[in-house]
Amino acid sequence: IWENLGGEFEDILYHRAEGMAKITINRPEKRNAFRPQTIIEIQKALESARFDESVGVVILTGAGDLAFCSGGDQSVRGDSGYKDDKGTHHLNVLDLQRQIRTCPKPVVAMVAGYAIGGGHVLHLVCDLTIAADNARFGQTGPKVGSFDGGFGASYLARIVGQKKAREIWFLCRQYDAKQAEDMGLVNTVVPLEELERTTVEWCREILQHSPLALRCLKSAMNADCDGQTGLQELAGNATLLFYMSEEAQEGRDAYLEKRQPDFSRFGRNP
Ligand code: 2NE
């Protein structure tokens, strides 16, 4: 079903079908570890999906069956971040995490194999996670000299609870798909061969529903965790809805027509 739109990309694949966009990290020889360029490409594809009015839901996944993503590519890790071709050091996956969270369309992680380290945080910040029965989850930061104290810590704790989040980070164990489901880390677990079919089914169900309602719900749930940034997102949706009303349009029209606005026909609801 997928149409390939990823011609310009080296580290990812970008596909679209029936209102779904699919972004695939395509570095299977490194268990889909990301380098700065990988993140830049995912950001571009996600931006493209956001502005594509035919797209209502985005799938994030990894190439092959062995890994969703194994986090930052340690072979390009410099002394202050991950090095790009010019030698600049990045932690640009943090920008991507925020972009996934603020994307006004649902983002669904489709996980086969390892979701580890920064790759684990990527699935975490997606709205839903569909896992194959071979999926394995975990953080490695304290083992490899790294940590994610942002969403990777506080949002993880919101999802699995404080004790479990501390266990995950302090012990750096791996958890199988069933354990992840029991913790509420993933929405469902399916046999590997049914992973894409199930993910597409879930996306089709989402696509039947009101895009504005989904958008407002996502920002409302973000607002509960994301402080003033979360409130800004929620309030931005209130402004969007207000702009769609005759009452707001009367204000705009009066300004453009150089007259006093007449709001008298609009009710003051209790
Ligand atoms: C993912 C895991 C558990 C897979 O194990 P396995 O046994 O299936 O594969 P293997 O043999 O370890 O890996 C296959 C190839 O992929 C490379 C390996 O070096 C190996 O290469 P070759 O020896 O065949 O040449 N590879 C895998 N992950 C890589 C990585 N992240 N960077 C570079 N090469 C990688 C196992 O591979 C594993 O534990 N990987 C490391 C996971 C990890 O520690 N990730 C970094 C966490 S820190 C982070 O992501 C981060 C952050 O904490 C904060 C901000 C930004 C990033």
Side-chain angles (χ1 to χ4, degrees), residues 10-13 23-43 46 60-85 87-101 107 109-126 129 131-160 164-180 183 185-186 189 192 195:
E10 197 181 324
D11 284 12
I12 68 161
L13 307 170
I23 301 170
T24 306
I25 305 172
N26 190 25
R27 306 185 78 216
E29 70 288 355
K30 293 214 172 214
R31 299 293 186 267
N32 296 319
F34 54 77
R35 56 179 177 164
Q37 181 180 336
T38 321
I39 299 298
I40 290 166
E41 291 184 7
I42 299 172
Q43 287 184 292
L46 190 54
L60 180 64
T61 192
D65 296 341
L66 298 181
F68 170 75
C69 176
S70 62
D73 184 335
Q74 300 303 295
S75 68
V76 297
R77 182 168 155 190
D79 292 344
S80 61
Y82 295 85
K83 277 180 288 184
D84 67 17
D85 293 345
T88 307
H89 292 204
H90 296 256
L91 285 172
N92 59 352
V93 73
L94 305 179
D95 301 331
L96 174 61
Q97 292 171 5
R98 290 195 301 274
Q99 191 182 341
I100 291 171
R101 267 184 88 74
V107 182
M110 180 168 82
V111 177
Y114 292 102
I116 294 282
H120 184 255
V121 181
L122 278 183
H123 103 84
L124 187 75
V125 296
C126 290
T129 298
D133 52 10
N134 76 335
R136 291 187 74 80
F137 301 85
Q139 299 296 157
T140 63
K143 203 158 59 175
V144 297
S146 180
F147 66 91
D148 182 336
F151 289 117
S154 56
Y155 190 50
L156 180 68
R158 294 254 185 163
I159 291 174
V160 301
K164 205 72 195 175
R166 286 164 207 239
E167 174 191 313
I168 289 170
W169 275 104
F170 294 178
L171 279 71
C172 296
R173 284 183 184 168
Q174 289 179 6
Y175 302 85
D176 65 23
K178 169 79 173 59
Q179 289 171 308
M183 279 187 254
L185 254 187
V186 307
V189 179
L192 176 60
L195 179 63

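Counting starts at 1 for both ligands and their atoms, following the listed order. FYI, side chains are in, hydrogens and waters are out, and symmetry mates aren't considered; it's all heavy atoms of this structure.
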Exercise for the section: Verify the contact flag for atom 20 (C) of ligand 1, where contact means a protein heavy atom under 4.0 Å away. Expected result: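 No, there is none.
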Exercise for the section: Kindly say whether Asp65 contributes a backbone atom to a donor-acceptor pair with the side chain of Asn134 at under 3.5 angstrom? Expected result: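 Yes, Asn134 side chain to Asp65 backbone: donor-acceptor pair under 3.5 Å.
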Practice task
Quick one: look up the protein heavy atom nearest atom 5 (O) of ligand 1 and list residue, atom name and how far away it is.
Solution key: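 Of the protein heavy atoms, Tyr114 CE1, 3.9 Å lies nearest.
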Problem - Side chain, backbone, both or neither: the part of Arg136 lying under 4.0 Å from ligand 1 by heavy atom - result: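 Arg136 to ligand 1: no contact under 4.0 Å from either part.
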Practice task
For atom 55 (C) of ligand 1, find the nearest protein heavy atom and state the residue, atom name and distance (0.1 Å precision).
Solution key: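 For atom 55 (C) of ligand 1, the nearest protein heavy atom comes out as Leu91 CD2, 3.9 Å.
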Exercise for the section: Please report the shortest heavy-atom distance between His120 and Gly138, naming the atom on each side. Expected result: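 That would be CB-O, 3.3 Å.
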Practice task
Can you pull out the closest protein heavy atom to atom 1 (C) of ligand 1? Residue, atom name and distance to 0.1 Å, please.
Solution key: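 It is Ser70 CB, 3.6 Å.
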Exercise for the section: Evaluate the side chain to side chain contact (heavy atoms under 4.5 Å, CB included) criterion for residues Leu96 and Leu46: first the C-alpha distance (whole Å), next the side-chain angles of each, then the deciding distance (0.1 Å), finally the verdict. Expected result: CA-CA 9 Å; Leu96 174 61; Leu46 190 54; 4.2 Å; yes
Practice task
Could you tell me whether some N/O pair between Gly71 and ligand 1 is separated by less than 3.5 angstrom?
Solution key: no
Exercise for the section: Please name the residue in the list Arg77, His90, Gln74 that meets the side chain to side chain donor-acceptor pair (under 3.5 Å) test with Tyr82. Expected result: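 Running side chain to side chain donor-acceptor pair (under 3.5 Å) over Arg77, His90, Gln74 with Tyr82 returns exactly one hit, Gln74.
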Completion exercise
Candidates Arg31, Lys30, Lys143, His90; heavy atom nearest atom 11 (O) of ligand 1 found on Arg31
Completion exercise
For Arg31, the side-chain hydrogen bond (donor to acceptor under 3.5 Å, both in side chains) test, sequence neighbours excluded, returns none
Handout entry: Heavy-atom donor-acceptor pair, Asn32 side chain to Ala67 backbone, under 3.5 Å
Key =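 Pair found, side chain donor or acceptor close to backbone of Ala67.
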Problem - atom 38 (C) of ligand 1 protein-contacted (non-hydrogen atom, under 4.0 angstrom) - result: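 No, no protein heavy atom sits under 4.0 Å from atom 38 (C) of ligand 1.
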Handout entry: Nearest neighbour in protein (non-hydrogen) for atom 46 (C) of ligand 1
Key =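 Minimum-distance protein heavy atom for atom 46 (C) of ligand 1 reads Gln74 NE2, 3.3 Å.
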Problem - Nearest heavy atoms of Cys172 and Pro142, plus distance in Å - result: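 In this case the closest contact between Cys172 and Pro142 is SG-CD, 3.6 Å.
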Handout entry: Ile116 N/O to ligand 1 N/O under 3.5 Å
Key = no
Practice task
Look at atom 32 (N) of ligand 1 and say whether a protein heavy atom is found at less than 4.0 angstrom from it.
Solution key: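 Yes, there is one.
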Practice task
Determine whether any heavy atom of Gln174 lies closer than 4.0 Å to an atom of ligand 1.
Solution key: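 Flag set, Gln174 near ligand 1.
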Problem - Per-atom contact, atom 25 (O) of ligand 1, protein heavy atoms, under 4.0 angstrom - result: no
Handout entry: Contact (N/O only, under 3.5 Å) between Ser146 and ligand 1
Key = yes
Exercise for the section: Using non-hydrogen atoms of the residue, decide whether Leu66 is closer than 4.0 angstrom to ligand 1. Expected result: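 Under 4.0 Å: no for Leu66.
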Practice task
May I ask you to check whether Asp148 and Gln97 show a side-chain donor-acceptor distance below 3.5 Å?
Solution key: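 Side-chain D/A pair, Asp148 to Gln97: present.
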Problem - Sub-4.0 Å protein heavy atom next to atom 50 (O) of ligand 1 - result: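 There is a protein heavy atom less than 4.0 Å from atom 50 (O) of ligand 1.
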Problem - N/O donor-acceptor pair under 3.5 Å between Gln139 side chain and Gly117 backbone - result: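 Here the side-chain-to-backbone pair exists.
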Practice task
Around atom 43 (C) of ligand 1, find the nearest protein heavy atom and jot down its residue, atom name and distance.
Solution key: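 Residue, atom and distance for the closest contact: Thr140 OG1, 3.3 Å.
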Exercise for the section: May I ask you to decide if Gly152's main-chain N or O and Trp169's side chain share a donor-acceptor pair within less than 3.5 Å? Expected result: yes
Problem - Expected output: side-chain Gln179 to main-chain Asp176 donor-acceptor under 3.5 Å - result: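 Present.
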Practice task
Could you tell me whether the side chain of Asp11 and the main chain of Arg27 form a donor-acceptor pair under 3.5 Å?
Solution key: no
Exercise for the section: Measure from atom 7 (O) of ligand 1 to the protein's non-hydrogen atoms and state whether any distance is below 4.0 Å. Expected result: no
Exercise for the section: Kindly confirm or rule out an N or O of Tyr82 lying under 3.5 angstrom from an N or O of ligand 1. Expected result: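 No; every N/O pair is 3.5 Å or more apart.
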Handout entry: Residue, atom name and distance, where the atom is the protein heavy atom closest to atom 15 (C) of ligand 1
Key =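 Minimum-distance protein heavy atom for atom 15 (C) of ligand 1 reads Glu29 O, 3.5 Å.
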Fill in the blank from the handout: Counting from 1 in the order shown, the ligand 1 atoms closer than 4.0 Å to a non-hydrogen atom of Asp73 are 32 (N), 33 (C)
Exercise for the section: For Val93, counting its heavy atoms only, list the atoms of ligand 1 lying under 4.0 Å from any of them. Expected result: 56 (C)
Practice task
Answer yes or no: is there a donor N or O on one side and an acceptor on the other, between the side chain of Ser70 and the main chain of Lys30, under 3.5 Å?
Solution key: yes
